[in-house]
Protein chains: 2
Amino acid sequence: MELRQLKYFLKAKELLNFTEAASALYISQSTLSQQIKQLEDELQVPLFNRIGKRITLTEAGDLFAVYAQQSINKASDGLELLKDLNNLETGKVAIGVTYALRHVVTKALILFSSQYPKIQFEIVFGTSQELIQKLNHFQLDVILTFEEIASEAHFKYLELFTSPMALVTASETPLTNKKSISLDEVSSLPLALPSSGFSTTQFINKAFEKSNLHPNVTIEINDIPTLLELIKTGKWHTILTKTTIENEEDLHAIPISGKNMTRTAMLISLKEVYEKKAVVAFLKMLMENVTT
Amino acid sequence: MELRQLKYFLKAKELLNFTEAASALYISQSTLSQQIKQLEDELQVPLFNRIGKRITLTEAGDLFAVYAQQSINKASDGLELLKDLNNLETGKVAIGVTYALRHVVTKALILFSSQYPKIQFEIVFGTSQELIQKLNHFQLDVILTFEEIASEAHFKYLELFTSPMALVTASETPLTNKKSISLDEVSSLPLALPSSGFSTTQFINKAFEKSNLHPNVTIEINDIPTLLELIKTGKWHTILTKTTIENEEDLHAIPISGKNMTRTAMLISLKEVYEKKAVVAFLKMLMENVTT
DNA sequence: ATTTCTAAATCGGTTTTATCGATTGATTTT
DNA sequence: AAAATCAATCGATAAAACCGATTTAGAAAT
């Protein structure tokens, strides 16, 4: 039993005339006759009565037609769904983001959703390591993070933009009017930093090491909103990429001077995995939004 | 898209291993690989990610699998239904009966239904002409009537039994103790007969004509139960086959003497039309019940 | 690093089968 | 009685399903 045969059968049932049905199906009458016969042989029951040259449905044919139609419908429903998927009428996008790039995603998300309201999103915040692991387990379509030290061969990387590392302070401090600040100056300030799992922290610690500086880290915390809350008190400072606090009220970012004091935001996805249309469209929108 | 390909796809999805899936499907790995590829080409979307030697489902594959499964299920449901049909688990039997043979059908019907309770019946009472027309329009599977004058080539005839024409009277009349009665005697009695559309009436009128007798018909009526009601009053007599009143209380049948004063009950069905299993089984039971 | 192993893709050839055109046989229409 | 119609059948051809062998490329083992 094949869908082709079911289609032939239903057309023959509809027209009750093999010659016309064959013509409507763009096949020869002999082909239709043979295919119907083959189907009947397989089902072990005639679907049509052959009374002379006239044909009529048998009871079996009548009953079977319902299921034949449903089988075809289900298959074409599946096809329809895939079309929708390509037209972004459905589908799910799973994105991993490091907290530093929160605003990049949210801005694009708001824009994209208004244009393609049917696409579902799952946004996962986490450290780069966590996200990369999920990406490898096919739990994420793409992750948005700052460049990693080690690049992996089965990943596809796409640069988005660069953002300077910055000392983040409350809005009103003696430092506020500075255009930039040296790493040396930073090391003397009371710092509250993200935990060591965060790549930003790893990055800045490496910089301190290189310069033989010993920063004054009094707090380590693994939740950025809480960290920012503390910074707003004015009692601590922190170090983040400038992008991280782009839309934050009551905070001020002073770029840290020196070479290599910038980080590059990247999109990371798996090579060789089929790219969902919805993901491609979303990333396109995200990138357009970022460069402007 | 063919059911074969959907089956292949689902097995590959289940095992996530083309080699094993091919083995489970009793086809070669190369065939499976090709068929999946062909399906993907038609759907215009990959169903599997080929990441190195591992394969995983794509989102499209995951979504499509649901419909693929449903399509297959519907087809196999149809197959199942046809099996049931052969096993008399379902199906409809449409029988046309002339009223004279009512008891023959009801007796068989009660017996058959207890053995095959799921079979549906449609019993149509009517004159032979009406029933034959319906048979020709495929609205009936078989009709049960007395032999027709003209036999048609596209009908299949099966004799059941013969039954004498009889004068039907109320239980208590001066005639009750007679073993038989001549047509001549009958013609002098006040008669209430079925309408001229009934074959029994046509049959008896022809007999009267042949003998140059003029029966005393005071009532013609096209409903047999009503006719019998009138006979029970004792004011009229009627002429029917003996079988007709076999199970009737308060009525008495006196066979009419003379040659050709019997009628043959027959099963009539269409030649060349597929015989429903349920119909065949029912008729078998009916015939066994009639001969005993 | 190198080798071995494994699994999917690919290639060339074979078998199967879906298809066609022509014909036949039977029925209906003219 | 002749012509037209329609499904079935036949023989031939083209399509495609299938296979075994080979290739390719990760993964695992050495």
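Below, chains carry the letters A, B, ... as their sequence lines are ordered, and counting in each starts from 1.
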Is the NZ or CZ atom of A:R102 both under 6.0 Å from the centre of the six-membered ring of A:F125 and within 45° of that ring's axis? no

Between [N] ([atom2]) and [X] ([atom1]): distance, integer Å:
X	N	atom1	atom2	result
A:E2	C:dA18	CD	P	8 Å
B:K271	C:dA26	NZ	C1'	14 Å
B:R50	D:dT24	CZ	C1'	15 Å
B:E152	C:dT27	CD	P	15 Å
B:L270	C:dT27	CG	C1'	16 Å
A:D41	C:dT17	CG	C1'	14 Å
B:R4	D:dA16	CZ	C1'	8 Å
B:I55	C:dT6	CD1	C1'	13 Å

Want to settle it: does A:Y8 or A:I51 sit nearer the 5' end of DNA chain C, counting the closest nucleotide to each?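 First, find each residue's nearest nucleotide; the 5'-ward one identifies A:Y8.
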
Name the nucleic acid region contacted by [X], choosing base, sugar-phosphate or nothing; use a 4.0 angstrom heavy-atom cut-off, strictly under.
X	answer
A:Q34	base
A:R54	nothing
B:Q38	sugar-phosphate

Minimum-distance nucleotide (side-chain atoms of B:S33 versus C:dA18, C:dT10, D:dA7):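 Given the options C:dA18, C:dT10, D:dA7, the side chain of B:S33 is closest to C:dT10.
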
Holding to side-chain hydrogen bond (donor to acceptor under 3.5 Å, both in side chains), I want the full list of residues that pass it with A:E275, two or more places apart in sequence or in another chain. A:K156

Below the 4.0 Å mark, does D:dA7 have OP1 or OP2 next to a side-chain nitrogen or oxygen of A:K37?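 Answer is no, no contact under 4.0 Å.
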
Ring centroid separation for A:F48 and A:F18, is it under 6.0 angstrom?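 Aromatic pair counts; centres sit under 6.0 Å.
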
Answer yes if the ring centres of A:F198 and A:F203 are under 6.0 angstrom apart, and no otherwise. no

Would you say the side chain of B:F282 lies within less than 4.5 Å of the side chain of B:M285, judging by non-hydrogen atoms?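 B:M285 vs B:F282: side chains apart.
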
Pairwise side-chain contact, B:L131 with B:T98, heavy-atom cut-off 4.5 Å (strictly under): yes

Looking at B:K206 and B:E209, does any basic side-chain N land under 4.0 Å from a carboxylate oxygen? no

In residues 17-31 of chain A, which residues come under 4.0 Å of DNA chain D by heavy atom? A:N17, A:F18, A:T19, A:Q29, A:S30

